[in-house]
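Contents: one structure, followed by commentary.
Chain letters run A, B, ... following the sequence lines, proteins first and then strands; every chain starts at 1. Remember, predicted model here, so these are calculated numbers, not experimental data.
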Amino acid sequence: MKTPLAWLNLTYEKTRLLVAIAGVAFAVILVFMNLGFLGSLAKAASMIYTRIDAEVYLVSPQTLEISSTKAFPIERLYQAAGIRGVERVMPLYAGYLQWRNPETRGTRAIFAFGINPDDPVFLVPEIQSPANQAALRRPDTALMDRLSRPEFGTQTVGLITEVDRRKITVGGQYTLGGGFAADGTLLMSDQNFRRYFAPFPLSLISLGLIKLQPGVDPAQIVAAIDQVLPADVMVLTRDQIIQRERDYWISTTSTGFIFGMGVIVSCIVGVVIVYQILYTDISDHMKQYATLKAIGYRSGFLFWIVVQEAIILAVLGYIPGFAISLGLYELTLNATGGGLPIGMEWGRAINVLLLAIIMCSISALISVRKVVVADPAEVF
Amino acid sequence: MVRSTLLNSMTETDHSVQIRQLNYFFGQADLRKQVLFDINLDLPKGQIVIMTGPSGSGKTTLLTLIGALRTVQSGSLKVLNHELVGMRKADLVEVRRNIGFIFQAHNLFESLTASQNVEMAIELLNEWGNKRSKAVDVLTQLGLADRVDYKPAALSGGQKQRVAIARALVNHPALILADEPTAALDKKSGREVVTLMQKLAQQEGRTILMVTHDNRILDVADRIITLVDGRLETDETLDNFVEAHDPKALDRRMFIM
């Protein structure tokens, strides 16, 4: 077995090793947090669509994402209903309301969904419970999302408060989550929606939901509907609309940029810390490395030693960084009451490990020059 | 490849080092300064040669040239029957693997034990199985049997230098180059170190070229050469050298220098 020179050199200076590990772990945590937020953004964007019982969606081309929809005529939905393979079509109305916190009397924007109470729009069984169904049908009554932020006040069933200068009663509760766009959500019947958003004709809908018969290929139906409908609506599969929302949040808002920048800055911090450690290590061992060259080792061997040290640092720093990130994810999830679906993914865990190794290798490449050009004649 | 041609040609001559009309310059263009002038020198196998001379006379430069640590452009420099003049750096590395180097400082890795430091040299030959036993053997010969698993921090100066010598000798190099190996040692340790080197040279027929200012160890030499201002000034046997440098025979010029 080869003498593990890289390992022994690193572990000989315990304090320096600890500082290096802390530095890499710090960078890894920063990267994980930024990617976590970015990932939860994407997940939050897609979450609502995984809770809706429809495979094909109609949206206005002017719609950016679900909380800023542009209404379009409900006729488009009826036209789509005639296509073979479509089982059911359902309109969805969506918009922001000003919710008054009954305790503090402060108002806060809340996101409201309007549905036909007869339509099984959401894949949330408790919405179909008799009590909730009855509440949905009562005037000036809405169901409230348990994942709404506490700033909206108590959410006890029967609570009466004000929305956009109109009385509202909390008729029941459900669990959905509003993602990044909404701090809280309400679910109400289309009739109530029309009242709160008056003047709002029910013939204009925010989103058209199309449920397909079992075994029908959504892509085919999308093509078929697209042929029938004019260009004032877009026909998208669930995957397409999720991708569209992700792209909106990540590419066209500053959110994606901020977190992307966060990842880059974290990596630079990591590169600098590891570079410092490796450079000091190389400087301390310059005579020894030059001696190795003198007795017949090639520059490539020394290059490899430094790269090994970098990879060891990457892996040693990654382990605590990963563990602490898991804890921070948990903390974030609890702090947002589960509203921000942040969590570890295997793909991300592996990518960050690779990133840490690349980061340390870059440091190695910067610092290794000194040892590669070391002149063995200088040791005499 | 170089190694095999080296071994085949070993029988051609009895000289480990053969130098003809060697000149060496430092620097480029206007700053070019000649440090070695027309050196001619033969080192036969099995000889212990001590090189002395005032500082700045080019001793260390000559030593690094023979050690294939610098590229040479003019004259002829044959080391272990290999012409170093005009050789590429990559091939110089191969030549260096057949030379044992002992430096003024021990240059041991603090993070490695005595044995591991020696094993680093054995690994150059791609010998993995018995490297530990080889390292222990050579350390034992140098009187460090009970120190093989100590790190340099736990060794005395003399012991560290002996580990460095073990590292230089473990691959049985035909040529050993030493630069002030005793400079950092006290009288007793210095004596031990050179006696060991002498013993190994005699037993195994190694050629040793040693640069030193240490008059206490001159007696191990078969031959003493003096370098002054980049020129080979004297080349004599030990007896002649002692006679010429006998304090009783000193003239006033010695003190002016």
Measure [X] against the heavy atoms of chain A and call it side chain, backbone, both or neither at under 4.5 Å.
X	result
B:Glu110	both
B:Ala68	neither
B:Leu108	backbone
B:Lys89	neither

For [X] against [Y], the heavy-atom pair lying closest together:
X	Y	value
A:Ala294	B:Phe103	CB-CZ, 3.9 Å
B:Arg97	A:Gly296	NE-O, 2.8 Å
A:Asp375	B:Leu69	OD1-O, 4.2 Å

Q. If you measure from CZ on B:Arg167 to OG1 on A:Thr291, what distance do you get to the nearest 0.5 Å?
A.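 Rounded to the nearest 0.5 Å, the CZ-OG1 separation comes to 5.5 Å.
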Q) So how far is it from A:His285 NE2 to B:Ser111 OG, rounded to the nearest 0.5 Å? A)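 With rounding to 0.5 Å, NE2 (A:His285) is 5.0 Å from OG (B:Ser111).
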Report yes or no: does [X] contribute a side-chain atom to a donor-acceptor pair with the main-chain N or O of [Y] at less than 3.5 Å?
X	Y	result
A:Tyr297	B:Met120	yes
B:Glu123	A:Thr3	yes
A:Gln288	B:Asn107	no
B:Arg96	A:Ile295	no

Counting neighbours of [atom1] on [X] that are heavy atoms of other residues, nucleotides or ligands and sit closer than 6.0 Å, is the number greater than 12?
X	atom1	answer
A:Phe322	CZ	yes
B:Trp128	CH2	yes
B:Asp229	CG	no
B:Tyr150	OH	no
A:Tyr49	OH	yes
A:Phe257	CZ	no
B:Lys78	NZ	no

Q.
I'd like to check B:Phe109 versus A:Leu8 (side-chain heavy atoms, cut-off strictly below 4.5 Å). Are they in contact?
A.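 No - every pair of side-chain heavy atoms lies 4.5 Å or more apart.
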Q: For chain B, find which of A:Lys2, A:Lys293, A:Lys287 contributes the most heavy-atom pairs closer than 4.5 angstrom.
A: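 Most heavy-atom pairs within the cutoff with chain B belong to A:Lys2.
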Q. With a 4.5 angstrom heavy-atom cut-off, which part of A:Leu10 approaches chain B: side chain, backbone, both or neither?
A. neither
Q | Salt bridge present between B:Glu94 and A:Arg298 (N-O < 4.0 angstrom) | A |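 So B:Glu94 pairs with A:Arg298 through a salt bridge.
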